[in-house]
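Since this is a predicted model, take the numbers as computed values, not measurements. Labels below follow one simple rule: chain letters A, B, ... track the order of the sequence lines, proteins then strands, and each chain is numbered from 1.
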Amino acid sequence: MSNADQPTGPTNFIRNRIRKEVAEGLHERVITRFPPEPNGFLHIGHAKSIVLNFAMAREFGGYTNLRYDDTNPAREEQRYIDAIREDVAWLGFEWKNECYTSDYFQTLYEYAEHLIEQGLAYVDSQDADTIRAQRGTLTEPGTPSPNRDRGADENLEIFRGMRAGAYEDGSHVLRAKIDMAAPNINLRDPVLYRIRRARHHRTGDDWCIYPSYDFAHGQSDAIEHITHSLCTLEFEDHRPLYDWLLDNLPVPARPRQIEFSRLNLDFTVLSKRRLNRLVEEGYVDGWDDPRLPTIAGMRRRGFTPESIRRFCEEIGVTKSESVIPFGVLENSLRNDLNERAPRTMAVLEPLKVVLTNFPEGQTEWLEAPIHPQKPELGTRSIPLTREILVERGDFMEEPPKKFFRLKPGGEVRLRCAFIIRCDKVIKDESGNVLELHCSFDPETRTGQPGADRKVKGTIHWVSATESLSARVRLYDRLFNVPNPASDKETDFTDHLNPESLVIMDGARIEPHLAEARPGDFFQFERTGYFIPDPAASPEKPVFNRAATLRDSWAKIEKQLQQAGKGRT
RNA sequence: AGGGAUGUCGCCAAGUUGGUUAAGGCACGGGAUUUUGAUUCCCGCAUUCGCAGGUUCGAAUCCUGCCAUCCCUGCCA
């Protein structure tokens with residue numbers, strides 16, 4: 001899998017700008033970077049950034065680096081690095097270099113000394129609270145630190161002492177000397193370095209001072225000769241600082257930062273903080289829970305890399321904040337899997353049907369197409385027996401109008417088999433339907449001349465004796481409100497959907513599904529797209545539902561219900 | 001004394017050197033095909049571009065003012 005097998009996406013302001021710059025000869029090639037902080041798993045919002053970064057570089061003859069932005073050892077871990085690497089690769093992208101901001105710690109340190117020597121940075125020996133209080137407010141300017149005019153030599157001496165470990169955590173910071181009255185708060189002498197005795201996952205105890213994001217990011221971009229540093233809108237205010245640092249440091253290249261709006265999806269959360277809480281507090285089963293919008297979760301849910309990439313291209317890249325309906329994501333999966341998924345039948349909530357005119361003890365093997373629109377994909381064999389199972393929901397004793405499935409005295413087609421008529425409903429003493437007695441019409445058997453007789457409905461089924469039992473996990477949206485994080489009064493976890501996971505242990509599947517392996521995907525006809533769970537085994541098949549099929553009957557049913565309510 | 005952004009159909013989003021009929025996708029409504037109420041296929045869906053003025057033969061595109069929303073006061077990224 002290479003970066004190149006993606007089609008060029010629709011036009012957007014970044015692509016247009018780069019195209020123009022390239023046309024003007026500003027760049028020989030475009031080099032981008034994807035810079036996650038390894039403090040959590042990647043989610044669909046990151047995918048948007050990944051797709052953008054790789055697309056721009058690919059389109060303009062360059063490459064993309066994967067750069068771990070690891071400047072805060074207190075929050076970063078190796079396991080996240082590994083997960084991120086796996087996810088980017090799984091999405092289908094090949095980065096040129098695997099980089100770490102920590103690779104540049106020495107250079108960054110030298111840049112800091114350079115700034116001090118130029119009189120553009122100073123050591124502040126006040127505590128965090130004091131510095132915060134002096135920063136001013138949104139409408140009032142800050143006040144200068146008493147250390148602001150410390151001489152370069154003294155600054156250098158203390159800074160070297162900081163690096164050497166001579167001082168306590170928090171006793172000094174290095175600050176840029178810009179403008180305490182700047183309307184942009186990021187320019188009010190931002191902190192560049194802090195003392196932090198924490199073991200770094202890569203550099204160990206080599207350093208006890210660490211650069212801030214602002215001091216690290218632009219310089220790292222320059223070191224890697226990144227031409228376009230694409231990031232999200234909240235960094236827009238940082239761009240003047242990004243530029244100030246690059247303008248005042250002897251960097252080897254001059255990258256430009258361009259901001260775009262981050263992805264929002266309804267009925268879920270896309271902040272690492274909240275995702276982390278869901279995982280840490282046990283609301284979900286780890287970072288790869290299929291209900292999570294993490295790449296790992298979506299992979300386990302059954303999303304394909306293709307569908308995620310397509311989604312990211314469909315939604316576009318702009319600077320306006322937008323919320324994409326979750327259904328758009330599901331749709332891109334459906335579009336992909338509709339083309340590629342082999343068809344099979346599974347009955348989630350079985351109801352026994354006895355075919356009274358079918359010989360007892362006989363198993364007949366039928367050939368069913370793997371894909372109705374693609375006969376070249378061949379057929380599969382499915383066993384038919386006297387006793388079969390159909391979906392409980394496909395039978396109604398007193399159906400509403402337009403119910404085209406099984407009802408007493410009614411006819412329906414068994415997919416890939418023949419038309420049956422419901423002759424008798426067997427119930428227990430409390431009125432629960434136990435089984436149905438049906439007779440089939442041999443003339444209508446698939447392949448027979450009578451097979452084209454029309455009936456309104458076709459239902460799926462499985463042999464009662466030859467099918468396999470399986471566990472099926474049905475996933476639904478994690479939250480029951482469109483924007484769970486919007487409400488300031490309640491915690492977002494209050495909006496968790498209690499039915500986001502429904503486990504069906506009595507499902508029955510076609511026998512060939514015993515051979516299903518991780519990486520396979522299927523359409524269970526009429527019910528949805530499913531994949532084998534990685535934890536499943538041939539002895540105990542488990543399937544996860546990635547998405548339902550579009551269901552216009554559900555829509556009609558809803559309308560009927562509402563119409564009924566309206567009348568009373 | 002604030003600064004930075006954004007506002008085109010229910011949701012995304014093209015379109016911005018002003019040029020006449022405002023792409024496309026999703027959703028929605030209608031119809032056809034269908035042994036998945038799936039898929040596929042037709043048709044419909046903004047006299048209008050946050051609002052109000054102005055410039056112009058002509059404005060979503062230029063100017064002025066206003067309104068709404070988002071981001072910024074971590075030694076997080």
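Taking the six-membered ring wherever Trp is involved, the centroid distance between the rings of F524(A) and F543(A) falls below 6.0 Å. A centroid separation of less than 6.0 Å is found between the aromatic rings of F215(A) and Y193(A).
Environment of CD in Q78(A): crowded, with over 12 heavy atoms of neighbouring residues, nucleotides or ligands closer than 6.0 Å.
Taking atom P on both A22(B) and A27(B), the two are 25 Å apart, rounded to the nearest angstrom. C42(B) and U61(B) have their P atoms separated by 35 Å, given to the nearest Å. Comparing the same atom, C1', in G19(B) and in G2(B) gives a spacing of 41 Å after rounding to whole Å. For the C1' atoms, the distance linking A13(B) with A60(B) amounts to 14 Å, nearest Å.
Contact annotation: side chain of R239(A) to base of G4(B), donor-acceptor pair absent below 3.5 Å. In terms of polar N and O atoms assigned as donor or acceptor, the side chain of D237(A) comes within less than 3.5 Å of the base of G3(B) in a complementary pairing. With hydrogens and angles ignored, no donor-acceptor pair under 3.5 angstrom links the side chain of Q373(A) to the base of U40(B). Remark: the H238(A) side chain and the A77(B) base include a donor-acceptor N/O pair separated by less than 3.5 Å. For R188(A) against U73(B), no side-chain N or O and base N or O form a donor-acceptor pair under 3.5 Å. Applying the 3.5 Å distance criterion, the base of U36(B) shares no donor-acceptor pair with the side chain of T458(A).
A glycosidic torsion no more than 90° from 0 defines the syn conformation; G30(B) lies beyond that range and is anti.
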Please encode protein proximity along nucleotides 9-14 of chain B as a string of B, S and -, counting only heavy-atom distances under 4.0 Å. --SSSS

